[in-house]
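Worksheet for the structure shown next.
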2 protein chains.
Amino acid sequence: MQLELSVDRSSPVPLYFQLSQQLEAAIEHGTLTPGSLLGNEIELAARLGLSRPTVRQAIQSLVDKGLLVRRRGVGTQVVHSQVKRPLELSSLYDDLEAAGQRPATKVLVNTVEPASAEVAAALGVAEDSDVHRVERLRLAHGEPMAYLCNFLPPGLIALDTDQLETTGLYRLMRAAGITLHSARQSIGARSATAPEAKRLAEQAGAPLLTMQRVTFDDTGRAVEYGTHTYRPTRYSFEFQLLVRT
Amino acid sequence: MQLELSVDRSSPVPLYFQLSQQLEAAIEHGTLTPGSLLGNEIELAARLGLSRPTVRQAIQSLVDKGLLVRRRGVGTQVVHSQVKRPLELSSLYDDLEAAGQRPATKVLVNTVEPASAEVAAALGVAEDSDVHRVERLRLAHGEPMAYLCNFLPPGLIALDTDQLETTGLYRLMRAAGITLHSARQSIGARSATAPEAKRLAEQAGAPLLTMQRVTFDDTGRAVEYGTHTYRPTRYSFEFQLLVRT
DNA sequence: GAGTGGTCTAGACCACACG
DNA sequence: GTGTGGTCTAGACCACTCC
């Protein structure tokens, strides 16, 4: 069966992007089955009236996503194993929403305070300089799921408590025009202290999953530092990752 | 100051790769300071005697690594925050070795047995069909750090106990010509059962960090399924990740 | 308006896999 | 040997940013 592909040269969408989207949709949809060969690049370019570099660019973007594999002398194949979700800078809010869990957020603290040494080091600001402190409890189905404590440098975004209760922090930052670039994360575990246990409706000493994260924008500024604790019976970190080549 | 760049056209190493390596080294070395502009692509191409697409390919590879940021109408800049380690399919053995911890491995079990339903589902093999089972204790400085239980489909690699004690599983697979492609991971936490606690020299009920992983090669075969437990006082998952754009 | 990266073309030669 | 992807060239025009 012949795959239907076409590009619209009058569209402002780049040609390689149009092609990669169509290929991705065909893979997602099962029209291109795992293991099937894509056909050689020259022929594909001729069929679409594109140059080979343009077709290569489209294919390369899907190789980078892990959907296709290229073998010299063989061809380009659709990967067998379905790549579900590449690891991304995930927002717990988005994660829960995607899982259909209707997340709720309760803002416990939303204030400005002097930075501790730890916070100052993480955000790259002077010690005792003002930073925002936000503490939130994230619930799903009315059950506490995670306790989130975040610090932000001043003047970055307006931290409105109502907004914080209806969406995630990353969405607020993106909406404010901040381009997130990278994050440094650390995931661990430890026993709950008495106040932690109380907040999360666990028993003191219960195991907790912990995550610390510093997020940077594309200018290299630290835009957020967070220390989070999760109830491991309710949440775990799941992700797919690709091998660097 | 002018950055010294040159390419060797007689080398079998691709020109774009030579260039990207030199740029990466200059960033690492501090010759290219964070925030500095790289100079426009046309001029850079002319200076090196390369075509612009080749120079772009070199720059793009570093953008993908998170070392550079491009802005239309502005230029290409070195990212401020140092990207340390991109998240990769990490081997605990390599992690420990990189941290100078001289890892040691004790093979507890190395056998072939019928696959349980869970293992069969993860590896995509028939239930009760033969699979390798390897249980290892990973130590650093003589202290137990993690308990690793892995399952592998038969006929993939020879699992020599001596080799397993001197290197990591991923190295053995790569050495056997297996091209690792992607992995699906889940990281969580729970309380140690009595036998788990004993293995890791912890107390029963102590918090443990857990990781489950299925690894696929580039043909889509599952090549490994592992369930690991870590002592959270000795180990945490640390990684840097880039935001998908 | 000037300068930058973003996209695109129409070729070319090479390296590798497979029969 | 044949076919594939891997690399490379020398241009071109456009979109965006900044002055």
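Chain letters run A, B, ... following the sequence lines, proteins first and then strands; every chain starts at 1. Computed from a predicted model, the values in this text were never measured in an experiment. Atom set for the values below is all heavy atoms of this structure, side chains included, hydrogens, waters and symmetry mates excluded.
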Contacts of B:Asp64 meeting side chain to side chain donor-acceptor pair (under 3.5 Å) (sequence neighbours excluded), chain-then-number -> B:Gln60

Pair listing, side chain to side chain donor-acceptor pair (under 3.5 Å) test, anchored in residues 152-169 of chain A, at least two apart: A:Asn110-A:Thr161

Here the side chain to side chain donor-acceptor pair (under 3.5 Å) pairs for residues 116-132 of chain A, sequence neighbours left out, are A:Glu118-A:Tyr225

Could you list all the salt bridge (charged side-chain N to carboxylate O under 4.0 Å, His left out) pairs where at least one residue sits in residues 23-36 of chain B, not counting sequence neighbours? B:Glu24-B:Lys65

Look at A:Arg70 and D:dT4 and indicate whether a side-chain polar atom (N or O) is within less than 4.0 Å of OP1 or OP2. no

A:Arg52 vs C:dG11: side-chain N/O to OP1/OP2 distance below 4.0 Å: no

Axis bend over the full length of the helix from C:dG1-D:dC18 to C:dC18-D:dG1, computed from five pairs that close each end, to 10 degrees: 20°

Kindly state which residues belonging to residues 7-16 of chain A come within less than 4.0 angstrom of DNA chain C, counting heavy atoms of the residue only, listed by number. A:Arg9, A:Pro14, A:Leu15, A:Tyr16

Which nucleotide sits closest to the side chain of A:Gln57: D:dC8, C:dT7, D:dG5? C:dT7

Find which nucleotide of DNA chain C each of B:Asn40 and A:Phe17 is nearest to by heavy atoms, and output the residue with the more 5' nucleotide. B:Asn40

Go through the structure and list residues passing side-chain contact (heavy atoms from CB on, under 4.5 Å) with [X], not counting sequence neighbours.
| X | answer |
| --- | --- |
| A:Pro154 | none |
| A:Ala222 | A:Leu123, A:Val214, A:Phe216 |
| B:Arg56 | B:Glu41, B:Arg52, B:Arg70 |
| B:Asp8 | B:Ser10, B:Ser11, B:Gln18 |

Kindly write out the residues that satisfy salt bridge (charged side-chain N to carboxylate O under 4.0 Å, His left out) with B:Arg171, not counting sequence neighbours, or none if the list is empty. B:Asp94, B:Glu97

Contact string for nucleotides 14-19 of chain D, one letter per nucleotide 5' to 3', B = base within protein heavy-atom range under 4.0 Å, S = sugar-phosphate only, - = neither, reads -BBBS-

